[in-house]
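This report refers to the structure that appears directly beneath it.
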Amino acid sequence: MKKALISGMTGQDGSYLAELLLSKGYQVFGMVRRSSTLNDDRIRHIKDRVVCVQGDLTDQSSLDEAIRVVKPDEVYNLAAQSFVPVSWNQPGLTGDVTGIGVTRILEAIRKHKPDTKFYQASSSEMFGKVQETPQTEKTPFYPRSPYGVAKVYGHWITVNYRESYNVFACSGILFNHESPRRGLEFVTRKVSHTVAKIKLGLAQELRMGNLDSQRDWGFAGDYVEAMWLMLQQPKPDDFVVATGKTYSVRRLVEEAFSAAEISLMWEGKGVDEKGIDKRSGKTVVSIDPTFLRPAEVDLLIGDPSKAKRDLGWTPRMSFSDLVSCMVHEDMARLKSK
Ligand code: NDP
Ligand code: GDR
């Protein structure tokens with residue numbers, strides 16, 4: 001039975017990847033960090049089928065111990081401080097976890113189980129102020145946030161351990177991927193959750209940041225399959241994983257309101273203090289400068305040709321199905337409460 005160790009198993013991707021690996025007959029170990037309250041919402045349904053190992057990407061000894069004890073065939077490094085706005089507020093921590101943390105886990109592999117196959121969760125945020133469109137594995141990086149900078153470090157240290165020590169190390173350059181398990185602070189989930197609340201009469205307005213940025217959004221369940229496929233290839237390599245389509249945040253908001261069958265109005269004159277337009281009675285979406293970022297990534301669109309050709313991977317869920325599924329899942333959860 002193959003053994004896989006996932007860092008970040010309590011996160012969105014970690015939970016989908018754990019399910020996938022269990023379905024493929026793996027013994028799954030998940031690295032979890034200590035918290036004062038239980039943080040297992042996303043993995044509660046599989047908790048008796050996975051083994052939790054204490055560890056933190058800022059602590060070398062815990063990583064050494066995890067690799068030494070588990071002796072995994074595959075390691076998926078999904079752990080990170082992953083929310084871009086927080087990276088301006090906590091740039092040092094973001095660099096330590098999201099950047100140097102990758103070196104620590106690679107060092108543990110090099111010392112204790114050098115034939116382990118390693119997956120690094122790299123990001124389209126590394127392209128930042130894009131140097132070409134669409135972005136491929138060869139597009140130069142120009143990160144626009146401390147998070148993006150840390151991910152560039154994580155990407156290159158992965159390439160470096162492959163070239164220096166012959167570690168089977170792959171970097172998956174994944175574009176935004178979402179699901180009903182997405183954290184509430186990310187834009188898709190913030191919108192789906194707020195729209196669901198509006199539909200149920202629990203909220204009356206939606207306050208947004210930059211509506212003009214464009215993202216290549218896919219479904220997380222599809223993307224974890226690409227991670228696994230990378231580690232099953234004869235040689236380690238880096239891959240862009242994306243849908244090849246891009247949509248604006250404004251379009252995301254419109255899709256979500258339409259999925260919930262609510263009419264919306266963009267902010268203008270004649271709005272009352274509850275965010276309802278006085279004449280039409282429609283829910284208003286407004287701009288709140290607190291959600292704007294010091295530097296923005298305006299446009300991301302990935303070219304997944306290499307992943308399609310070499311991995312046989314294709315995204316399955318469309319943008320509108322993704323948004324609709326998130327809105328309806330949020331409505332169902334709110335109703336059940
Ligand atoms: P989440 O934010 O949902 O999950 C992050 C995980 O990392 C959580 O399990 C969290 O644990 C864990 N973690 C955070 N800090 C530490 C630490 N110091 N030591 C150990 N574990 C830690 O992220 P996603 O699932 O969305 O993303 C997975 C990875 O993929 C991340 O590296 C992200 O940067 C990257 N990525 C994500 C994309 C996306 O669109 N989702 C796109 C491209 C890359 P806890 O639950 O305790 O907080
Ligand atoms: P991103 O995701 O920064 O691309 O990083 P996020 O969903 O936070 O933002 C996407 C775009 O939406 C704009 N936006 C808002 N964003 C949030 N969070 N809240 C708002 O109210 C809002 N209004 C507009 C943002 O400005 C941005 O342009 C995600 C993370 O998962 C990273 O870890 C990952 O590496 C990248 O995707 C690929």
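Ligands are counted one by one from 1 in listed order, and the atoms in each one are counted from 1 as well.
- Here the shortest heavy-atom distance to atom 16 (N) of ligand 2, taken over Lys190, Met208, Arg293, belongs to Arg293.
- Among protein heavy atoms, the minimum distance from atom 37 (O) of ligand 2 is reached at Asn176 ND2, 3.1 Å.
- If you check each of His177, Glu185, Glu125 against atom 18 (N) of ligand 2, the one with the closest non-hydrogen atom is Glu185.
- Taking every non-hydrogen atom of Arg182 and a distance limit under 4.0 Å, the qualifying atoms of ligand 1 come out as 26 (O), 39 (C), 40 (O), 41 (N).
- Taking each of Phe175, Tyr147, Phe127, Phe291 in turn, the one with a heavy atom nearest to atom 34 (C) of ligand 2 proves to be Tyr147.
- For atom 15 (C) of ligand 2, the nearest non-hydrogen atom from the set Asn210, Val187, Thr188, Ile287 comes from Val187.
- Proximity of Phe186 to ligand 2, defined as any heavy-atom pair under 4.0 Å, is shared by backbone and side chain alike.
- Under 4.0 angstrom from ligand 1, the non-hydrogen atoms of His177 come from both its backbone and its side chain.
- Using 4.0 Å as the threshold, Ser122 has a heavy atom nearer than that to some atom of ligand 1.
- Atom CG of Asp216 and atom NE2 of His177 lie 11.5 Å apart (nearest 0.5 Å).
- Under the 4.0 Å criterion applied to side-chain N and carboxylate O atoms, Arg215 and Glu296 are assigned as salt-bridge partners.
- A salt bridge between Glu255 and Arg251 is present, with a side-chain N of the basic residue lying under 4.0 Å from a carboxylate O of the acidic one.
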